[in-house]
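We use all heavy atoms of the structure for the numbers below, so side chains are in, but hydrogens, waters and symmetry mates are not.
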Amino acid sequence: MADEKRVELFVKAGSDGQSIGNCPFSQRLFMVLWLKGVTFNVTTLDMRKKFENQFLQDLAPGAQPPFLLYDNEVKTDTNKIEEFLEEILCPPKYPRLAARNPESNTAGNTVFSKFSAYIKNSNPGTNDTLEKGLVKALAKLDEYLNSALPEEIDENSAEDVGLSTRKFLDGNDLTLADCNLLPKLHIVQVVSRKYRGFEFPKQFTGIWRYLENAKDCEEFAHTCPKDEEIEQAYAMVAKALK
């Protein structure tokens, strides 16, 4: 049986060498395994330590965390690991996590790139333009979160379709789409607040609802690195405006 096999996720350690470090790909896989309900272990690797670095090279030559050990077979590509887990940990024993609506997989897919350009910029003259680019990407995500999904629409009702009240991208349950987006969106929120004094606009009610619902789920809340870890990871990345 699949749950009798060894399942171990190796992730980058935080600054203390033990806690979960800042890595959206690690959190993504951590969430997938938790949502699947399979028994698994998580091992943090402190890349500053020679022993652990050598351990990594011996186990997965040339790889960087995250990677998965499944029944003594090492898998190192995040996308391929996710595909593998969805295929091998399948119904009836394990839930399908794929989104039903294809649009859910691409919602918010430009937010992180817009954030990266914004936070790495040191030129005050282009800051407003880059911030507007981030806000535009967030607005598109917010629009999707507030737009009713097909299953929320009653075709036999004469009433206008109202705003969506769903919790997550593809409905009221977390899917692979959320495992991909939420860790990145959380980084955007924490880092933009710390280094640019930028908060997600309050009018983006869909995004705020989304984040609040995520924080109520242990699969997200308990796999998040501490805000301080995220801030520290971006201390040298976030450029001061000068």
Side-chain angles (χ1 to χ4, degrees), residues 2-3 9 24-40 66 78-115 135-190 200-224:
D3 62 349
L9 178 66
F25 306 107
S26 294
Q27 188 181 2
R28 173 182 172 184
L29 296 178
F30 199 164
M31 289 179 67
V32 171
L33 286 167
W34 198 317
L35 287 165
K36 283 292 184 181
V38 68
T39 299
F40 68 99
T78 300
N79 289 332
K80 290 180 179 178
I81 292 172
E82 184 180 86
E83 292 172 4
F84 171 78
L85 292 173
E86 182 72 347
E87 179 182 350
I88 202 77
L89 303 176
C90 59
K93 187 159 190 175
Y94 302 101
R96 283 272 183 220
L97 297 180
R100 290 169 295 179
N101 300 282
E103 297 81 6
S104 296
N105 293 316
T106 56
N109 62 353
T110 63
V111 170
F112 201 75
S113 61
K114 296 296 183 182
F115 153 76
V135 170
K136 184 177 180 180
L138 289 168
K140 188 175 180 180
L141 171 61
D142 184 70
E143 181 181 9
Y144 183 74
L145 288 166
N146 276 331
S147 299
L149 295 174
E151 54 267 32
E152 293 181 280
I153 300 173
D154 184 356
E155 296 180 354
N156 297 318
S157 175
E159 297 180 6
D160 291 336
V161 177
L163 292 176
S164 174
T165 58
R166 70 186 186 277
K167 294 181 178 181
F168 305 114
L169 284 172
D170 203 57
N172 288 325
D173 296 311
L174 289 165
T175 64
L176 295 178
D178 300 295
C179 295
N180 184 25
L181 180 62
L182 277 170
K184 295 177 182 178
L185 192 62
H186 181 61
I187 290 173
V188 174
Q189 184 181 38
V190 170
F200 292 168
K202 292 298 182 185
Q203 66 263 32
F204 291 166
T205 55
I207 290 178
W208 283 104
R209 184 183 72 248
Y210 183 45
L211 290 171
E212 287 303 312
N213 284 320
K215 290 174 183 176
D216 288 338
C217 289
E218 60 182 11
E219 296 91 347
F220 173 73
H222 292 179
T223 58
C224 266

Do the non-hydrogen side-chain atoms of [X] and [Y] ever get within less than 4.5 Å of each other?
X: L181; Y: L141; result: yes
X: E82; Y: L97; result: no
X: F200; Y: L185; result: yes
X: L85; Y: Y94; result: no
X: V38; Y: V32; result: no
X: F168; Y: C217; result: yes

Return the [atom1] to [atom2] distance between [X] and [Y], rounded to the nearest 0.5 Å.
X: R100; Y: D173; atom1: CZ; atom2: CG; result: 8.0 Å
X: D216; Y: L211; atom1: CG; atom2: CG; result: 11.0 Å
X: T175; Y: L35; atom1: OG1; atom2: CG; result: 9.0 Å
X: Q27; Y: H186; atom1: CD; atom2: NE2; result: 7.0 Å
X: E83; Y: L176; atom1: CD; atom2: CG; result: 10.0 Å

Between [X] and [Y], what is the shortest heavy-atom contact and its length?
X: L182; Y: F220; result: CB-CE1, 3.8 Å
X: I207; Y: L138; result: CD1-O, 3.3 Å
X: D142; Y: T205; result: OD1-N, 3.3 Å
X: R96; Y: K36; result: CA-NZ, 4.3 Å
X: A98; Y: E86; result: N-OE2, 3.0 Å
X: N101; Y: P150; result: OD1-CD, 3.6 Å

Aromatic ring pairing W34/H222, orientation class (parallel under 30°, perpendicular over 60°, tilted between): tilted

Please check if the side chain of [X] supplies one atom and the backbone of [Y] the other of a donor-acceptor pair under 3.5 Å.
X: W208; Y: Q203; value: no
X: R166; Y: S147; value: yes
X: N180; Y: A177; value: no
X: R209; Y: L145; value: yes

Take atom [atom1] of [X] as the centre, draw a 6.0 Å sphere, and report whether it contains more than 12 heavy atoms from other residues, nucleotides or ligands.
X: E143; atom1: CD; result: no
X: F25; atom1: CZ; result: no
X: E218; atom1: CD; result: yes
X: K80; atom1: NZ; result: no

Residues forming a side chain to side chain donor-acceptor pair (under 3.5 Å) with S104, sequence neighbours excluded: Y144, D170

